[in-house]
Structure formats: C-alpha cells, structure tokens
There are 2 protein chains.
Amino acid sequence: MAIARKKAALPAGGLTPTAAATAILDVAEELAQTRGYNGFSYADIAVKLGVTKASLHYHFPSKAELGRVLIERYRIHFGAALLAIDEQARDALEKLKRYVALYSAVLSNERMCLCGMLAAEQATLPLPMREALRLFFTDNERWLTAVLDEGRQAGILRFKASTIERARVLLAQFEGAMLVARSYGEPLRFHSAASYVLADLSTREQSRPGRRS
Amino acid sequence: MAIARKKAALPAGGLTPTAAATAILDVAEELAQTRGYNGFSYADIAVKLGVTKASLHYHFPSKAELGRVLIERYRIHFGAALLAIDEQARDALEKLKRYVALYSAVLSNERMCLCGMLAAEQATLPLPMREALRLFFTDNERWLTAVLDEGRQAGILRFKASTIERARVLLAQFEGAMLVARSYGEPLRFHSAASYVLADLSTREQSRPGRRS
DNA sequence: GTCTATAACGAGATAGAC
DNA sequence: GTCTATCTCGTTATAGAC
C-alpha cells in the first residue's frame, strides 16, 4: 500500500516527499523555528508523530539531510508566497505589507523565521545547509529589490541609496525585529517596528496611530 | 596558593570572578557567540583551556549558571562601553557611530552579538537566562532612546515617530544585519547596512560613497 | 514502511583523591 | 582548585525482524 508520489517538488538531490516525509518535515520545521537546529532531536519528532526514531531515519537518513531539505522546502514555499503576492497586490506598498504579514504569521505561532533562526547557528551547520540558507536570503533580497524598484518608479516609495542596499537593510530590519520581539514574547514589538519601517518608506503620509492607546 | 579576588563585579547571586572563572567565561563567551548556547559543551571549554571538565564544574556548577553569568557579564561590559561612549563622543551621531563600531568589532571576530545569538535559542534557555537577555535589550533600548532624544533636540538627527519606537527599530536593524551578514561571511554587509541607517538618520547629508567601486 | 534492539558516542554532572 | 573515574542520560545512527 505504497503512498503515491504527489509532486516532485524538491530539487537538488532532494526526496520525493511522501505523506510521511511531509509530516516529518512539518514537525521538524516547527521545532527548528522555535528551538533551533541544535535544540531538537529525532526523538522529539518521533514523539510528536507517535512513531519511532528508526522510522524517521528511513525517510531522512541523517539529520543533516533533514535539515537541508527543510530549508529547501521553506525557500520554495516562501518563493510561492512571494509569487502569490506579486499576482494579487496592486502596488509595491501593498506587496511590502503582505510580505510583512508573512513574517507576522510566523511570529504569531511563537516561531522565528526558519532561516533567521538557522543563521544564528550557522557555524554548527553542515555545509549544504549553509548554502541553502544563503540561497533563501538571496531570494528575499532579489524580490525586495524588485519591489523597491517598482515602488520608487511608481512614486509610491521613497528612499535614499541603491535599491539593493535598501533591500538588504529591510531584510535585516525584519529578521532583527522578529528576533528581539520573540525574546520579549511580544509580537507587538515586531508589528510596530514593521509599521514604522513601511511608513518611513512610503511617500504617502501614513495614518500613524500616535501613542495614545 | 589561592588567587585573590579582584572585584565583586557580578550581582544577583553571581560569583566573585577569580582569574580562572574569568578565563572560563572568556572561552565560553567566544563559543556562545559563534556556535550558540546549544552549540558548545563543557568539553569544548576544557579542551581550549587545557583543563578537565570537572574543574569547570567547580567554578560553574551547572551550564545554566554559566550561561546566566555569561549574559550578566556581557551586559555589564556593554554598559561600561556605552558609558565610555557617553563620555567621549561629542554629539549624538558620533555616539551612534561608536555604537555601531562596538558591533563591528564583534563581527570582525566572526562572532554574533551574544544576546542576539541567545535570543534565537530563547525557547531552550533556562528562565534566568531569558530574563537576563531581556535586561540586555532593555538597556540598549534605553541608551539608544536617550541618544536619539539628544540628537533630535540638537538638530543633528531626524526621524519620525517616538524615540523609543525609533530606538527599537534601530536595535532590530543592527541585530538583524549582523545575523544576515554573518551567514554570508561578509562583515561588509553589516557595515554598509549600518552606514545607510546612520546616514538616513542624520540631518547632514552624508558623503555617501555612491556605487562606483 | 515501521518496528525492536542496540551500538557508539557525547552531554552534563558528581564523588572523592590529591 | 584541579584531577581521575564514573554515572546517567540523550544523541545520531544502524541491523534486522515483521
């Protein structure tokens, strides 16, 4: 009773994810986003799924391989989300707002961006994971650069310096804001920082809430 | 031949650091900043110091205690550095530049800010460490808020929104920029992001290098 | 594909000699 | 204050039955 392969989604020597592999990745992702790569074990995943550690090794022979596929899948999902934004959002500012919403959704589950998380542990990661990590950030920078370009040309966004430079600062802001907000257990810290950043970028004066509440 | 206690530097149930304790903390700090709290062990420290694990436990009974003292010391050192900046820098912009230099010095050793690092692993840390972590960030926010206030009143800095809000964004920018720069192994990414942020904050037009090089 | 069983190792921690 | 020796547990990973 083999489970049919649904999609050949993961390139670069990746597995064809079966339902079991997907379930493993889902749990591993949650653990990695909350506890970090060095903060969870096969045992943790096995308990949550109600299976044995050995069966996990059938799907992912090594933790290094699990980690690599994890990042690859995250990057692909993120890329799909960015594509959806491109299709749905009317202008650059709205795109950025939805981009922020992506991060907010992560934080609201008390998670951190997977790649921001793993970036901290970088020095302890196997090489393939480090490479996958950089790819994720580069993807994000590229997308942000395009959006900033679009917004500037449309007169919707305003900023100094080159778009790539501004894009990198933007990415750093969001990752850093998540990191700090999470250590206070206050997602609001992220939202307010993100709102400020977007307002600062926008040419239209925002209806900033002031500090009355 | 007991080593004389030099200073009672660490409050809150902390140890009086002997030379040995200091050496342990120095090594632990480097490891924690490069590999994270879950990325190093007593064995790692022992090897680097040429002693046994058991002797480490004499100074720091548990890793949790070592971790707590580590953050406390880091916070105190950082606080002293901020005080030195207050005394030496002429204006708010120069203070911020020196603040950035503090981060740069860390990065140049391929380290991450200790607390940015531990913030990622937050969920796996014992409670005393989490509290110490928040204290560090709050200290930083307070100092940045004061500097932003000073600079705005002097007409040297310009920004929207409240100073505390701007201070939080600033902190997030620096922590995030370190995080991402380190995952590329390119400290330049941090420097360029930090320069942009400071230039954006300054009322004086900076001599921004353009992109000719 | 999932299981039991176990190997091989490293972790944090303690007892007690020196 | 540092050592040797040891304990206990958790870790990744494998062999082989079902």
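Chain identifiers are assigned alphabetically (A, B, ...) following the order of the sequence lines, protein sequences preceding nucleic acid strands; residue numbering begins at 1 within each chain.
- Residues A:Glu141 and A:Arg166 are not paired through a salt bridge, judged by the lack of any N-O separation under 4.0 Å between the basic side chain and the carboxylate.
- Summarising the local packing, CD of B:Glu131 is surrounded by more than 12 heavy atoms from other residues, nucleotides or ligands at distances under 6.0 Å.
- The interatomic distance linking A:His57 (NE2) with C:dC3 (C1') rounds to 14 Å, in whole Å.
- The side chain of B:Tyr58 lies closest to D:dT2 when the candidates are D:dT2, C:dT4, C:dA15.
- Contact annotation: the side chain of A:Cys113 never approaches that of A:Phe174 to less than 4.5 Å [non-hydrogen atoms, C-beta and beyond].
- For B:Lys63, taking side-chain heavy atoms from C-beta onward, the closest of the listed nucleotides C:dA13, D:dC3, D:dA13 is C:dA13.
- Using a 4.0 Å cut-off between charged nitrogen and carboxylate oxygen, A:Lys160 and A:Glu165 do not count as a salt-bridge pair.
- Taking only side-chain nitrogens and oxygens, B:Ser55 never comes nearer than 4.0 Å to OP1 or OP2 of D:dG1.
- Of the residues in residues 33-45 of chain A, those lying under 4.0 Å from DNA chain D by heavy-atom distance are A:Phe40, A:Ser41, A:Tyr42, A:Ala43.
- Between the C1' atom of D:dT11 and the NZ atom of A:Lys53 lies a distance of 7 Å, rounded to the nearest Å.
- The pair B:Glu186-B:Arg189 meets the salt-bridge criterion, since a charged nitrogen lies less than 4.0 angstrom from a carboxylate oxygen.
- In the set D:dT4, C:dT4, D:dG1, the nucleotide with an atom closest to the side chain of B:Ala54 is D:dT4.
- Summarising the geometry, the separation between CZ on A:Phe60 and P on C:dT2 is reported as 12 Å, rounded to the nearest angstrom.
- Put simply, CD on B:Glu65 is 11 Å from P on C:dA13, counting in whole angstrom units.
- In this structure, A:His59 places its NE2 atom 8 Å from C1' of C:dT2, rounding to the nearest Å.
- Of the side-chain N and O atoms in B:Thr52, none sit less than 4.0 angstrom from OP1 or OP2 of D:dT2.
- The existence of a salt bridge linking B:Glu72 and B:Arg68 is excluded, since no basic side-chain nitrogen approaches an acidic carboxylate oxygen closer than 4.0 Å.
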